[in-house]
Amino acid sequence: GRWPWKRALQAQLLKELRQHYHAGILGLDIIYLQPEDELNDHELEMALDPVGSPVVGGYFFRDQQTVGGDHEAQTILQQNQLSLTHTLDATEPTAVLSFPFVETNQNRFSPLMAGLGFFNTVHDVDGLIRSTPLVASYEQGYYPSLALKTLATYCNLQISAVFAKQGVANLRLTPTDSMQASAPDRCEALWQQRKPPLDIPVSTKGALWLDFYRGQGIPIYSAADVLA
């Protein structure tokens, strides 16, 4: 079903995050699959305008079909595939998560987003989440997660996957030609300890192990407090 908050309220939340929290980029793990009404959809459309802090949208892979296919939506989705892949041998990787269907955003909103990434989670057999997939396969293409796509968009990085016989060897982030011009300082911490490219160690399935215990973690703010 549709996200229960009115889209005008979500638009206000995006504006507050930009104006008062100075968010450099926004990642939305919400799918705008169906229209609401013209007033609310227009407010959200204006808030997604690429001028200012860009918005990276989310989508969700499915094992079963829940919506009909949309050629234009599929075309926009394909623009967010990993642009480069490197294979260490001739074996096609089989361990990467693969899905036959996808739910993505209305064509009204997707073109206004700076990119798209999936936000599927994968539970272990005991129901706990110990890792998060950073790459998944769909229709013979490889796609980045919402978190990875948001980071890459913010820092103007190109994402590529390095495959080995068992599956994914690592994910590689490489500065694009426009990085120095558009993001000279905000991602400097990425390169303080190492020179690019940056290789992200992942499991053969392309998943990153989660560390719930290091430091104080990531600050979390209530949407109600942001809107207050």
For a side-chain contact (heavy atoms from CB on, under 4.5 Å) check, start with the C-alpha distance between Val96 and Tyr142, then their side-chain angles and the critical distance, and finish with the verdict. CA-CA 9 Å; Val96 179; Tyr142 296 96; 4.2 Å; yes
Same cluster for Leu14 and Leu39 if Ile/Leu/Val/Met/Phe/Trp/Tyr side chains link at under 4.5 Å? no
Side-chain touch Leu134/Ile159, heavy atoms, less than 4.5 angstrom: no
Shared hydrophobic cluster for Met46 and Ile30 (ILVMFWY, side-chain gaps under 4.5 Å): no
Taking every heavy atom of Ala95 against every heavy atom of Gly167, the minimum-distance pair comes out as CB-CA, 4.3 Å
Side chains of Pro201 and Asn170: closer than 4.5 Å at any heavy-atom pair? no
Any side-chain heavy-atom pair of Leu157 and Pro175 under 4.5 Å: yes
If the condition is ring-ring contact (aromatic ring centres under 6.0 Å, His included), which residues does Phe61 pass it with, not counting sequence neighbours? Tyr59, Phe99, Phe118, Tyr138
Looking at Ile31 and Gly58, what are the two nearest heavy atoms and their distance? CG1-O, 4.0 Å
Taking ring-ring contact (aromatic ring centres under 6.0 Å, His included) as the test, write out the residues that go with Phe101, two or more places apart. none
What salt bridge (Lys or Arg N to Asp or Glu O under 4.0 Å) pairs are there with at least one residue in residues 113-126, not counting sequence neighbours? Asp124-Arg130, Asp126-Arg130
Which atoms form the tightest heavy-atom contact between Ile25 and Pro54, and what is the distance? CG1-O, 3.4 Å
With sequence neighbours excluded, tell me which residues meet side-chain contact (heavy atoms from CB on, under 4.5 Å) with Leu227. Leu9, Gln12, Leu13, Glu16
Between atom CG of Leu173 and atom CG of Asn156, what is the distance when rounded to the nearest 0.5 Å? 12.0 Å
Between Thr153 and Lys149, what is the shortest heavy-atom contact and its length? OG1-O, 2.7 Å
Any Leu171 side-chain heavy atom under 4.5 Å of Asp199 side chain: no
Under the side-chain contact (heavy atoms from CB on, under 4.5 Å) rule, collect the residues that match up with Ile220, sequence neighbours excluded. none
What's the spacing between Gln158 CD and Thr174 OG1 if we round to 0.5 Å? 6.0 Å
With Ser98 via side-chain contact (heavy atoms from CB on, under 4.5 Å) - residues at least two apart: Ser137
For the atom pair OG1 (Thr132) and CG (Asn120), what is the distance rounded to the nearest 0.5 Å? 9.0 Å
Give a yes or no on whether the backbone of Ala8 and the side-chain of Asn40 come within a donor-acceptor separation of less than 3.5 Å. yes
With rounding to the nearest 0.5 Å, note down the distance linking CZ in Arg172 to CG in Leu198. 10.0 Å
Is any side-chain heavy atom of Asn105 less than 4.5 Å from a side-chain heavy atom of Met113? yes
Could you go through Val168 and Phe163, starting from their C-alpha distance and side-chain angles, then the distance that decides it, and tell me whether this counts as side-chain contact (heavy atoms from CB on, under 4.5 Å)? CA-CA 4 Å; Val168 181; Phe163 293 114; 3.6 Å; yes
Using the rule given for side-chain contact (heavy atoms from CB on, under 4.5 Å), can you reason through Val55 versus Leu112, listing the C-alpha separation, both sets of side-chain angles and the distance that settles it, and then say yes or no? CA-CA 8 Å; Val55 174; Leu112 298 174; over 6 Å; no
ring-ring contact (aromatic ring centres under 6.0 Å, His included) partners of Tyr32, counting only residues at least two apart: Phe109
Mind checking side-chain hydrogen bond (donor to acceptor under 3.5 Å, both in side chains) for Asp41 and listing every partner two or more places apart, or none if nothing turns up? Arg7
Sequence neighbours left out, what pairs pass salt bridge (Lys or Arg N to Asp or Glu O under 4.0 Å) with at least one residue falling in residues 97-117? Glu38-Arg108, Glu45-Arg108, Arg62-Glu103
Sorted by chain and number, sequence neighbours left out, side-chain hydrogen bond (donor to acceptor under 3.5 Å, both in side chains) with Asp63 holds for none
Just by distance, do the side chain of Thr150 and the backbone of Gly27 share a donor-acceptor pair under 3.5 Å? no
Would you say that Leu208 contacts Ile200 through its side chain, given a criterion of any heavy-atom pair below 4.5 Å between the two side chains? yes
Determine whether Tyr221 and Leu17 fall in the same hydrophobic cluster, where Ile, Leu, Val, Met, Phe, Trp and Tyr are linked whenever their side-chain heavy atoms lie under 4.5 Å apart. yes
Do you know which two heavy atoms are closest between Pro133 and Leu97, and how far apart they sit? CB-CD1, 3.7 Å
Would you please name every residue forming a side-chain contact (heavy atoms from CB on, under 4.5 Å) with Asp29, sequence neighbours left out? Phe119, Leu146
Non-hydrogen atoms of Leu116 and Thr104 that approach each other most closely: CD1-OG1, 4.3 Å
Evaluate the side-chain proximity of Lys15 to His20: yes if any heavy-atom separation is below 4.5 Å, no if none is. no
Taking the side chain as every heavy atom from C-beta outward, state whether Ser131 and Val122 have any pair of such atoms under 4.5 Å apart. no
Heavy-atom donor-acceptor pair, Arg18 side chain to Ser53 backbone, under 3.5 Å: yes
